[in-house]
Enquirer: 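Sharing a structure here in structure tokens format.
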Number of protein chains: 2
Amino acid sequence: MRNKQPTIWDIAIKLNVSISTVSRALRNAPDINPETKKAVLELAQELDYQPNTIATSLRKNKTNIIGVMVPEFVHAYFPNVILGIQEVANAEDYKVMIMQSAESLEIEKHNLQAMMSSRVEGLILAITRETNDYGHIISAQRKGLPIVFFNRIVDELPGSKVMVNDYQGAFMAVEHLIQTGCRRIAHLAGPQNLTIGRNRLNGYLDALKTYQLPIEESLIMPCNFEEGKTRLYTQALLNQTNRPDALFAVNDPTAIEALICIQENGMNIPEHISLVGFSNAPHSAFITPPMTSVVQPLHEIGRHAAELLIRQLNEGTHFIPETHTLDAKLVIRKSTRQA
Amino acid sequence: MRNKQPTIWDIAIKLNVSISTVSRALRNAPDINPETKKAVLELAQELDYQPNTIATSLRKNKTNIIGVMVPEFVHAYFPNVILGIQEVANAEDYKVMIMQSAESLEIEKHNLQAMMSSRVEGLILAITRETNDYGHIISAQRKGLPIVFFNRIVDELPGSKVMVNDYQGAFMAVEHLIQTGCRRIAHLAGPQNLTIGRNRLNGYLDALKTYQLPIEESLIMPCNFEEGKTRLYTQALLNQTNRPDALFAVNDPTAIEALICIQENGMNIPEHISLVGFSNAPHSAFITPPMTSVVQPLHEIGRHAAELLIRQLNEGTHFIPETHTLDAKLVIRKSTRQA
DNA sequence: AACGTTATCGGAAACGTTGCCGAAAATTCT
DNA sequence: AGAATTTTCGGCAACGTTTCCGATAACGTT
């Protein structure tokens, strides 16, 4: 059904010149008569000629495509990062090929092969949570595929990385609680085997130290991202005789669970107790009360990843991978007291 | 930097056969000795050979890529549709090339050119809200590009279409408001150049008529999907002396903006005012209060669109475009009163 | 008048595949 | 045995471009 699109051949025939000449006219080659160039361009316009990028890619051995693979894109996190990627990629005349691995290692492998087959020039990758074997990734890198990692970082793998500063984000959150008058600040902590859990705990601890508040073991609850547990630990905190006046949660789902528990106890946020989350997803703004949360610069993550990748593409072998750590931002809403 | 990947040439040399033979071995050609085939496949495996799809596409004049262009994908709507598209596309061995037009006609045109240039075999398209000139689309279709439209439908354009029954969904939503006792129901309307906007408005109007409620122009606000505008119009509604007791929003982002505005005015949902959205995004369940909303079968939309497109690709010129209309469902949550 | 320069162009190879056509080798049939 | 057939393979053109290299013509220089 697909009608053939016009080629430089068609243009050459109609103008009675060679395809070389047409080719020269269409790019900005120097050795061509301005008049013939004008004629070619006009005819190209008239025929609505679109260069066949397939042929160009084959000939030049360059696709101008960078791959992006993420575990999913139905939540706002990855789409927003991709937006940032596309911004700089488009500006640098790269196209973006997006794939999603659905949190499946099998699909990740398969997609990676497809990307190699499509000859993407580089890859921006967030691995699945079940990816514990890196053979396919290492193999691709060994074949010369530059990869930039983000969100899910594996220290052992070479390549540039873009991450957010969990420590600093946690510090700011707790600092804000302190500055708004809270003195007994509990932490609903994440798994300590993940750097994300450790870093956020450390930010919490250091903020307390900096402001010379005592650190109490009984205020640090290992919720570990586990649904249900948070509720129990929050209840335990509320039952303490000297109940905390603020909660810093390791992420937003944890914070929301705590919020529900607090409200069920008939307490008000932030009058009785302040609450801060750590955001993966920016819709924490829409709950009641809108939640104060540490938000990540999603756009910026994408921009940095794309910039790093494109720099590597340009600089070639003497590019040295970089790790960029971006600061998080504290967005103050209504779940904490006013300063 | 990119190390050259192995080609059938490399395999041919090492095995002392011709490239034709290697090619035959790699696809499932009949006229080849099983032993040589085995040898080729083993060596290909060992070298981790990935066929160059660029070359194949050029040679076969077939890219096996279908394009998808959407106005945005930071809200859950389009990503979920794309998921459905990918499901059937992958099953049929098509790859999906995703682009987003950022609600800009300029970008839409540019992307369409890029897609033509990349020789996508067909396109699944949701136009931007500012697309009122269809020259670029018609021109692409005239060149033989099959296009399936969804979400934003233009009746005048030929091609298959997948839509949800906006009229029926809107009718149900307003009917529910009426049945739960609301009498002054406002509509935060969408752009009237889009059928989606018109149909939802018509559903609203007909529901009012059916239940013999008066239609008031002052209750119909042209929010047009524009961020910021909704807030102003909602405020205007709340300022009316005889303020409405219910809002039916043309989509969820609009509804959420209205919700924020209402809450900022210190009013309660649904006690003071009921609110119904029309779902682009299924996380309307997680806001406070959880929002009553017309939900669309997003996955199914994607599946239908991809199936229609691929059928058209297979059947060629004697394919007759179809329009599929899928029913929406009203999910009653807490932003409307109980019946 | 013979030469070198310059501007402009055409020819042809190449990118990695596929697929047609025909050749050689192996097999079967008279 | 030779002929006919089948199996297996190699040669080659083609897909649409880019790019190198050399050719032609027009020009200016001695």
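Proteins come first, then strands; the chains are lettered A, B, ... in the order of their sequence lines, and each starts at number 1.
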Enquirer: Find which nucleotide of DNA chain D each of B:N33 and A:N52 is nearest to by heavy atoms, and output the residue with the more 5' nucleotide.
Expert: B:N33
Enquirer: Consider only side-chain N and O atoms of B:E322 and B:H324, and report whether a donor and an acceptor are under 3.5 Å apart.
Expert: yes
Enquirer: Please give, in whole Å, the distance from D:dA14 C1' to A:W9 CH2?
Expert: 13 Å
Enquirer: Using whole Å, report how far CD1 of A:I32 lies from C1' of D:dA25.
Expert: 17 Å
Enquirer: If I take atom CD in residue B:E35 and atom C1' in nucleotide D:dT8, what distance separates them, rounded to the nearest angstrom?
Expert: 12 Å
Enquirer: Specify the separation, in whole Å, of atom NZ of A:K60 and atom C1' of D:dG16.
Expert: 13 Å
Enquirer: Nearest whole Å is fine: how far is D:dC15 C1' from A:L58 CG?
Expert: 9 Å
Enquirer: Within the 4.0 Å heavy-atom criterion, would you say B:I19 contacts the bases, only the backbone, or no part of the nucleic acid?
Expert: base
Enquirer: Tell me whether A:K38 is salt-bridged to A:E42, with the criterion being a basic N under 4.0 Å from an acidic carboxylate O.
Expert: yes
Enquirer: Do any side-chain nitrogens or oxygens of B:Y49 fall under 4.0 Å of OP1 or OP2 in C:dT17?
Expert: yes
Enquirer: Record whether the side chain of A:T56 comes under 3.5 Å of the base of D:dG16 through a donor-acceptor pair of N or O atoms.
Expert: no
Enquirer: Go through the N and O atoms of the side chain of A:R119 and the base of C:dG16, and report whether any donor-acceptor pair is under 3.5 Å.
Expert: no
Enquirer: Answer with yes or no whether the side chains of A:Q50 and A:D48 bring together a donor and an acceptor at under 3.5 Å.
Expert: yes
Enquirer: Starting from C1' on D:dG10, measure out to CG on B:L15 and report it in whole angstrom.
Expert: 15 Å
Enquirer: Can you find a side chain N or O atom of B:S23 that sits less than 4.0 Å from OP1 or OP2 on C:dT17?
Expert: no
Enquirer: Tell me whether the side-chain N/O atoms of A:R27 come closer than 4.0 Å to OP1 or OP2 in D:dT17.
Expert: no
Enquirer: Side chains of A:F150 and A:L125: does their closest heavy-atom pair fall under 4.5 Å?
Expert: no
Enquirer: Considering every strand and a 4.0 Å limit on heavy-atom distances, what is the contact class for B:T7: base, sugar-phosphate, or nothing?
Expert: sugar-phosphate
Enquirer: Indicate, with a heavy-atom threshold strictly under 4.0 Å, whether B:S57 touches base, sugar-phosphate, or nothing.
Expert: nothing
Enquirer: Can you check the A:D31 CG to C:dT8 C1' distance for me, whole Å?
Expert: 7 Å
Enquirer: Rounded to whole angstroms, how far apart are CZ on B:R24 and C1' on C:dG19?
Expert: 9 Å
Enquirer: Using 4.0 Å as the upper bound for N to carboxylate O, is an ion pair formed by A:R152 and A:E103?
Expert: yes
Enquirer: Give the nucleotide from the list C:dT17, D:dG16, C:dG11 with an atom nearest to the side chain of A:S18.
Expert: C:dG11
Enquirer: Any N or O donor-acceptor pair linking the side chain of A:S20 to the base of C:dG11 at under 3.5 Å?
Expert: yes
